[in-house]
Amino acid sequence: MPEGPEVETVRRGLLPVVGTKILEVKVADHKKYRPQRAEIEALEGTTITDITRRGKFMVFYFEGNSRKAALNHLGMTGVWYHYSDQVWNEFDVPFEEYPHWKVYFGLDDNTHLLFVNTRTFGRFEMFTPEEIEEHKSIRTLGPDILDDEFDTDEFVKRMLGRGKSRIKEVGKCLLDYTIVAGCGNIYKSESLFLAKINPFTPANQLSENQLRELAKRLTEVGKKALRFQGSSLRDYRMVDGYSGLMQNEFNAYDRAGDPCSVCTTPILKATQGDRSSFWCPSCQDNFVIS
DNA sequence: ACGAGATCCTGTCAGC
DNA sequence: TGCTGACAGGATCTCG
């Protein structure tokens, strides 16, 4: 669920912890976190020096005896909570007794940082800052939909640049972070709706103008979602526990059967590459499913 | 080298 | 009411 705008909202919410020192670390005893447990626990005594975002990844930087970095992904259900000491102490049970928490940091400004990851699709893995730059997930990222200087030429190139191999449907392309970063299933459907492009169109059947229009809509949707602080459909929450409001702005996503906001034709839903896709068969009729 | 499909995981909800 | 199964989906893995 968290896509680029949600991750960026979370990142901005977490910025107050930059500059704080970690006094206490706890890592849940979970099989996916066990291999990294000691390395995460070794963050005790270090200072959080920065938190950046790359696509849907966040990178936490730490300085102590050595420089460390954590590659963090929220997956579908990852949530960071940042609580004051007062709120923290109002909990009726210790946080260790709540389900699905994975990483806890007690900070020297008397605040508490907790990473909750219900379906464990998310990750928090330790590296050096140099290893992060070389990491395949970071190195191969395409242009970011939240980038003020979104590289449209590069986007067009990546949409089409798959050599002689078969070209993917545009709906699948938008979920490939090596083509475009920060777009997920929701903003895929929303940007294709605004660009009036059917999600099942093979990318190489789109004109250069259509691809440029799609790039424009991707960044437009991304920035709007950021202004609305993301879409809270199920699990996504901001660091204070509040919901985003972008879910009220959808034209297509999760609106199967509802009238299209432009032409009133009912919105359709179909599975595309194991993911749901929503579109208006009238406005986005440039390609007919055979 | 790349695409398709399976896999990970658990809360929620529809249907019986 | 209570159970079962489908569903949600980002990244990564395997297979062809």
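Note that this is a predicted model, so its numbers are computed, not measured. Below, read A as the first sequence line, B as the second, and so on, with proteins coming before strands; counting in each chain starts at 1.
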Whole-Å distance between B/dC2 P and A/Glu169 CD? 19 Å
Nearest-Å distance for atom pair NE2/C1', residues A/His100 and B/dT12: 12 Å
For atom NZ of A/Lys32 and atom P of B/dC9, their distance in whole Å: 5 Å
Tell me whether A/Lys26 is salt-bridged to A/Glu96, with the criterion being a basic N under 4.0 Å from an acidic carboxylate O. yes
Atom-pair distance (CG on A/Asn117; C1' on B/dT10), nearest Å: 11 Å
In whole angstrom, what separates A/Met159's CE from B/dG3's C1'? 16 Å
Classify the nucleic acid contact of A/Lys188 as base, sugar-phosphate or nothing, counting any heavy atom under 4.0 Å across all strands shown. nothing
Are A/Thr120 and A/His30 close enough, and set up right, to give a side chain to side chain donor-acceptor pair (under 3.5 Å), and what steps lead you there? CA-CA 9 Å; A/Thr120 72; A/His30 183 279; 4.6 Å; no
Scoring nucleotides 11-16 of chain C by protein non-hydrogen atoms under 4.0 Å (B base, S sugar-phosphate only, - none) yields BS----
Is any side-chain N of the basic residue among A/Asp109 and A/Lys21 closer than 4.0 Å to the acidic one's carboxylate O? no
Nucleotide nearest A/Asp274 (side chain, heavy atoms from C-beta), chosen from B/dA6, C/dA8, B/dA4: B/dA6
Expressed as a whole number of angstroms, how long is the span from A/Phe278:CZ to C/dC7:C1'? 11 Å
Just so I know, are the side chains of A/Ile138 and A/Leu71 near enough to count as touching, which here means a heavy-atom distance under 4.5 Å? yes
Quickly work out the A/Arg158 CZ to B/dG3 P distance and round it to whole Å. 13 Å
Heavy-atom check, side chain of A/Val116 versus side chain of A/Tyr81, under 4.5 Å: yes
Specify the separation, in whole Å, of atom CZ of A/Phe121 and atom P of B/dG11. 13 Å
Grab the two heavy atoms, one from A/Val221 and one from A/Met246, that are nearest each other, plus how far apart they are. O-CE, 4.4 Å
Base, sugar-phosphate alone, or nothing: which one does A/Lys269 contact when heavy atoms must sit under 4.0 Å apart? sugar-phosphate
Heavy-atom side-chain contact between A/Phe121 and A/Thr77 under 4.5 Å: no
